[in-house]
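To start, the structure under review is shown below, and the notes come after it.
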Amino acid sequence: MNDIDRARSALHAIDSGCPRAEWVKLAMAIEAAGLTFDDFFEWSRPAHNHRSEADCRSVWRSLDANGGIGAGTLFAKAREAGWREPMNGHGGPRKAEQKAERPAFDFAAVWRDSEAATVDHEYVRRKLGLADGLRVYRGDLKLNGQALDGALLVPALDADGSLRSWQAIPPDGDKRNAPGATIKGASFTVGGAPREGEPLFLCEGVGAAWTAHQTTGKPAVVCFGAGNVETIARQIHERHPKARIVVVADAGKERDAERIAGVVGGAWIAMPDGSPANFDLNDFHQQVRSLEAVAELLAQAKVRPAATTLPPIKSAAALLAQDFAPIRWLIPGLLPEGLMLLAARPKVGKSWLALDVAIACATGGRVFGRPVERGDVLYLALEDNDRRMHSRLSKLGAAGAGLGDLVYATEWPRGAEGAAAIHAWIKAHPGARLVVIDVFTKLRAATEGRETAYSVDYADVSMLKPPADRSISILLVHHTRKAESDDPLDSVSGTLGIGGAADGAWILKRARGSDEAELHLIGRDLEEEGAFAVRFDRSTCRWQWLGDVWKVRMTAERRQALQALTGTPMKPADLAKALGKTQGAVRKMIHDMVQDGQIERGLDGKYRPVEPEGTF
């Protein structure tokens, strides 16, 4: 067993339904052990307190490699949960393994030896629940430091009714899943098997399932966490296609419930407006103390309305007969109308570039030596204050006629309200040509785990697009991640939904301590995409255009090599001889020139120059 498999084995011995602080700490240990986000998410997903993929991804991205938590924490927690160190398969056991080993955790034996639960159990009584099919553990067993004596055990069964795992609900503390036994795809039904043509309620936890069954007399399924609901819904729909599946959403999970209901042709129920996050059906039952009130809530089950008419369908021939106005450019060749990203790592100079564009638009100036169309500008400096804005404007030499057409704000509403305020400003200013949002993160609203990370990113960017009836450019300043990527758009922080929703992007890459950088231009409407060299002038705080990267990178040595290869393709040994250099040095130079697109290797093994495509 290699190190990764060993770490993965240890991980799945630990209950992911632990307190959040411990879960985050384990995430750091998981990363330190060399496991991936997919490992972390798949382990986290079945937990009763799992929020969403977006929440997991947010925690994973925030991990600090120097946070002081190493892989040892993962293995220590696994051993505490009963995990046994696997043999390495190369000879006899190590000294540490020759000692008496703790036996592997037997979750089935714990279930078998536990006593039947009664309605007198404190959790059942507090939740106004039922004891049917449950057990109570008595003993000194601990899971992740949590004593289980007196814990209510809820069985997690597979589709055939066999015990796959269990969830323990201690008298004091958080729920715990049996270590080493996955709860993913397992469930527990309160009130009998699904019935053809009758409702079947899907709930995250056992309390909500108790309430749904007691109120309606119909079966209710415990899914053991939000991350398991869709899996169980699909299983039931496949085995009982005529059952009417009703997804009972905890507060904050409404959109996921609606989507899952649509997948299986079912319905969904939301908690009352104003309910706190994760407020469920049992919480409502305890609040109102009336099954009649619960019945009224369940009667409000919603289904996705069926489409009664086709959406507009257009003729391709009629489209070709139309004349469209040419694309309007704020900066010729660089910045068209629409929504463009400006992304770079922190402290690289993207805000200087964004403000320079804003000033040039307000005054009819130039950027990168190109004229900028004049118009009204709204600059959202959401990381700055008045003092810093004053300093930046002064250093950029902002003065003279037209500067009054540039307005700014350091505070702005978030989310949909913020997007609506931007559109309102555009509507109120017929001469508006540019909106700069610096930075995107400061304009986003909290998602509360209601949707997937991709859909949230795509929606948050899409709602910032300019109105269809206005020719205006919106420049959205954002960050890139630390990891490098062959595709510059993949380096944008977040999911591919951000780049997918934008009309194009400026990706600025600059090494620390260097004034020179690469500006990657990507866009649906850009006639010329590619990488271009730019330089930051520290005296004026402005960016200067240098030209094609491949030309700027050209050294005298490379020019000599290109001259030698022009008209006379050569193999590395021949080129080394022609240049009077060692074969090792020439092979390294050839490798770099191929990477930079300056030369290419033919089928005959000889290298020849490449004429680069795409220049301004």
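Side chains are part of it too, since the values below use all heavy atoms of this structure and drop only hydrogens, waters and symmetry mates. For the single chain, residues carry numbers from 1 onward in sequence order. Since the model is a prediction, treat every value here as computed from it, not as a measurement.
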Should we say atom CD of E115 is surrounded by more than 12 heavy atoms from elsewhere, each under 6.0 Å from it? yes

To the nearest 0.5 Å, atom CG of N177 lies from atom CD of Q167 at 5.0 Å

Backbone N or O of G494 within a donor-acceptor pair of the R481 side chain at under 3.5 Å? yes

Decide if atom NZ of K442 counts as having more than 12 heavy atoms of other residues, nucleotides or ligands within a radius under 6.0 Å. no

Set of residues satisfying ring pair (Phe, Tyr, Trp, His ring centres under 6.0 Å) with respect to H478, sequence neighbours excluded: F440

Keeping H423 on the side-chain end and K465 on the backbone end, is there a donor-acceptor pair under 3.5 Å? yes

Is there a donor-acceptor pair under 3.5 Å between the side chain of K218 and the backbone N or O of E198? no

Has T216 got a side-chain atom pairing as donor or acceptor with A212's backbone, closer than 3.5 angstrom? yes

Just by distance, do the side chain of D149 and the backbone of G139 share a donor-acceptor pair under 3.5 Å? yes

Flag this pair as yes if the NZ/CZ of R112 is under 6.0 angstrom from the six-membered ring centre of F107 and inside a 45 degree cone about the axis; otherwise no. no

All heavy atoms of S187 vs all of V221, minimum pair found to be CB-CG1, 3.7 Å

Is there a side-chain hydrogen bond (donor to acceptor under 3.5 Å, both in side chains) between N282 and Q286 once you walk through the steps? CA-CA 6 Å; N282 187 264; Q286 294 186 68; 2.7 Å; yes

If only atom types and distance count, is the side chain of D39 paired as donor or acceptor with the main-chain N or O of T36 below 3.5 Å? yes

Heavy-atom pair of closest approach, residues W43 and L11: NE1-O, 3.2 Å

Which value, rounded to the nearest 0.5 Å, describes the distance between T441 atom OG1 and L382 atom CG? 10.0 Å

Between R57 and F41, is NZ or CZ placed under 6.0 angstrom from the six-membered ring centre and within 45° of the ring axis? no

R176 versus L143, closest heavy-atom pair with distance: NE-O, 3.2 Å

Aromatic centroids of F224 and W166 separated by under 6.0 Å: no

Any sub-3.5 Å donor-acceptor pair from D160's side-chain atoms to S162's backbone N or O? no

Nearest non-hydrogen partners of W23 and S44, listed with the distance: NE1-OG, 2.9 Å

Any salt bridge linking R234 with E238? Criterion: basic side-chain nitrogen under 4.0 Å from a carboxylate oxygen. no

Short question: side chain of N228, backbone of A186 - any donor-acceptor pair under 3.5 Å? yes

Minimal non-hydrogen separation, P194 against H240, with atom names: CG-CD2, 3.7 Å

Can you name the closest pair of heavy atoms from I507 and T480 and give their distance? CG2-CG2, 4.3 Å

Could you walk me through whether V110 and S114 pass the side-chain contact (heavy atoms from CB on, under 4.5 Å) test, one step at a time? CA-CA 6 Å; V110 172; S114 296; 4.3 Å; yes

